[in-house]
Amino acid sequence: MRIALLQLNQTVGDLSANAVRIRDGVREAQRQRADLVVTSELALLGYLPRDLLLEQDLTREGWQVLKELASELSGAPAALVGVAEPNEGAEGRPLFNTAALLVDGEVRARLRKSLLPTYDVFDEDRYFEPAEDSRVLRFGDAALGITICEDIWNDRDFWKRRRYHRDPVEQLARAGAQCVINLSASPFTVGKQRLREAMLGQMAAKHVLPLAYVNQVGGNDDLVFDGRSCAFDASGKLIARARGFAEDLLVVDTDAPVGRIEEDELEPEAEIWKALVLGTRDYVRKCGFSRVLLGLSGGIDSSVTAAVAAEAVGAENVLGVLMPSPYSSRHSIVDAERLAQNLRVSTLVLPIESIMQAFEGTLASAFVGYERDVTEENVQARIRGNLLMALSNKYGALLLTTGNKSELAVGYCTLYGDMSGGLAVISDVPKTMIYRLARWLNRRRVVIPESVLIKAPSAELRPNQTDQDSLPPYDVLDEILARHIEQHQSAEEIVSQGFNEDSVWHVMELVRTAEFKRKQAAPGIKVTDRAFGVGWRMPIARKEWKRREMFVNQTI
């Protein structure tokens, strides 16, 4: 059987355009003599639709568009299309997450998702009724086991602890399936593709069944989907792989020993770079913008963000804004200018000293008797934020924020200042990885000036300031944060691994007290297993059940 895996970049809610892309993909698959075309999960509506699924008019319209698509594809190969199917029964959630089989102008079969994820960014139990069983689809002479995304992530022999009590793939294999097909919308995180291919290959070998997996591609809000649709033979050998981070149509012959296998860059820097570029490009485009702007400080974070932006939307559509203060060093200004030249982005210089003086004059009487402290530093950041937002409004350009994950974790950022903007491009990238990305970018030609890479990180909000005046060294900080945020380790567990006790408790308290800032941050692009987005659900007003009192009042 020739199966075409249709790897598309769909826009959430754009039923008509999404249907056209599916139609065109099926027609191209027909030219390549495919017997069956398979889309990704919820391809007609786009993934992740979140509470759009509660809008009954939209989901009913989606089912009508599906019927119209079936009619248009009369005479084309059969197609399995991911769709939100209204639940016409009297009980249960309002929808099914369905793979609808389109044959000869009609919807001939409906295969529904069994396992509904409710962790991290997923909340499918909120919307969908699970399938009661997993049934084989008879297609010509073949018996196909149709699964949808999470249905394949529960193999008892691959996972130490399973999340669900039953395994749809195992049930399908017992029911006589001759091939397993999976419609997925599996978000990217760094290193995930190795895990996917290991899991899928082992699954195919375990059940002695060929397996075809189609994944969505593109950015939707904070999520990036990396594509990389693939297929395995009954021995678990990879026989085909589609492109990563780009649309593709991969035709797989289940009787052939091998098909097209696209090369894949699996090093973390390459994966993260591609995810950031794709996520930024699609966020800008799908939100209706064509231009972006950002503050250029001459530091590593704004430099990498600018490089991502230039690659994502074109250097001609990026404006870098320099806003020097009396504390800005000359080399930082030079570094920002040199970066802009390397990227060929335009710049604008708006000095803020006179605005700072106006603020100080206005506040002078109110601040009598108070020492200078972080207040004055925050005023500078907020001046810059106001200027950038004014430019964003006037130019109709999306403002990109430039803070990294390490800073956002501990609150080393200013609300309504450097946090102002519409997209936080690198907010899920730790500081140490930012440096690795910069050096990776420079491997062929200098993009980030070397002077940016070697100078001590500084917000330059007071004389001779460095980040390490307030924080542990970033290599230490990032190790502590990774253990706490992504591995859910306690302070005691982290200390037991050789980290300084005071530093660990200090970092833990900073993470806790910065929660209110993260709730007000711009959406960021998820690249790690646990980002500060919809999958992070910490309360703001809370008391820690275990903490060191000496750090309660220490905040940034």
Side-chain angles (χ1 to χ4, degrees), residues 3-15 18-19 21-22 25-26 36-50 52-53 58-59 62-63 65-66 69 79-86 93 95-102 107 109-131 134 137 144-154 164 168-169 172 180-189 192 196 199-200 211-221 223-231 242 247-250:
I3 302 174
L5 307 181
L6 196 53
Q7 180 174 295
L8 296 177
N9 186 344
Q10 304 288 61
T11 299
V12 171
D14 197 350
L15 294 170
N18 292 344
R21 298 169 79 83
I22 294 171
V26 173
L36 176 66
V37 185
V38 186
T39 76
S40 56
E41 178 183 17
L42 293 180
L44 190 58
L45 182 57
Y47 196 89
L48 189 63
R50 298 192 170 107
L52 281 180
L53 291 166
L58 176 65
T59 52
W63 195 255
V65 170
L66 178 76
L69 177 62
L80 276 169
V81 177
V83 64
E85 175 194 356
R93 287 76 159 179
L95 300 166
F96 294 103
N97 188 333
T98 298
L101 180 67
L102 312 185
V107 179
R110 309 174 188 190
L111 295 309
R112 294 160 177 166
K113 189 172 182 177
S114 297
L115 307 183
L116 303 178
T118 57
Y119 57 88
D120 193 36
V121 301
F122 307 108
D123 201 4
E124 292 197 18
D125 191 58
R126 178 180 174 93
Y127 315 105
F128 297 112
E129 183 69 10
S134 299
L137 172 67
L144 305 179
I146 308 303
T147 58
I148 300 177
C149 205
E150 190 81 355
D151 290 344
I152 60 171
W153 291 80
N154 202 43
Y164 310 96
V169 176
L172 289 167
V180 174
I181 297 174
N182 184 260
L183 294 74
S184 267
S186 178
F188 166 81
T189 57
K192 191 174 185 179
R196 282 193 199 120
M199 179 189 71
L200 294 173
L211 186 153
Y213 164 91
V214 57
N215 191 28
Q216 177 174 295
V217 71
N220 283 321
D221 288 356
L223 301 183
V224 175
F225 300 87
D226 50 324
R228 292 161 157 174
S229 302
C230 51
E247 289 191 317
D248 203 356
L249 174 64
L250 182 67

What's the verdict on side-chain contact (heavy atoms from CB on, under 4.5 Å) for Val214 and Thr39, showing C-alpha distance, side-chain angles and the deciding distance? CA-CA 7 Å; Val214 57; Thr39 76; 6.0 Å; no
Examine distances only and state if a side-chain atom of Ser184 and a backbone atom of Ile148 form a donor-acceptor pair shorter than 3.5 Å. no
Verify whether one side chain among Thr118 and Asp123 offers a donor that lies under 3.5 Å from an acceptor in the other. no
Does any part of the side chain of Leu69, heavy atoms only, come nearer than 4.5 Å to the side chain of Leu102, both counted from C-beta? yes
If we only count heavy atoms from C-beta on, is the Gln10 to Val217 side-chain gap below 4.5 Å? no
Quick one about Ser229 and Gln7 (side-chain donor to acceptor, distance below 3.5 Å, no hydrogens or angles considered), yes or no? yes
Are Arg196 and Tyr213 close enough that a side-chain donor and a side-chain acceptor fall under 3.5 Å? yes
Mind telling me whether Tyr47 and Phe225 have parallel, tilted or perpendicular rings, with 30° and 60° as the class edges? perpendicular
Any non-hydrogen side-chain atom of Glu41 less than 4.5 Å from a side-chain atom of Asn97? yes
Glu150 side, atom CD; Lys113 side, atom NZ - distance, nearest 0.5 Å: 6.0 Å
What residues, two or more places apart in sequence or in another chain, satisfy side-chain hydrogen bond (donor to acceptor under 3.5 Å, both in side chains) together with Asn154? none
Would you say that Asp248 contacts Leu8 through its side chain, given a criterion of any heavy-atom pair below 4.5 Å between the two side chains? no
For residues Leu66 and Val107, determine if any side-chain heavy atom of one lies less than 4.5 Å from a side-chain heavy atom of the other. yes
Do we see a donor-acceptor contact under 3.5 Å between the side chains of Ser186 and Lys192? yes
Can a cation-pi geometry be assigned to Arg93 and Tyr127, taking NZ or CZ under 6.0 Å from the six-membered ring centre and within 45° of the ring axis? no
In the structure I gave you, are the side-chain heavy atoms of Phe122 and Pro187 within less than 4.5 Å of one another anywhere? yes
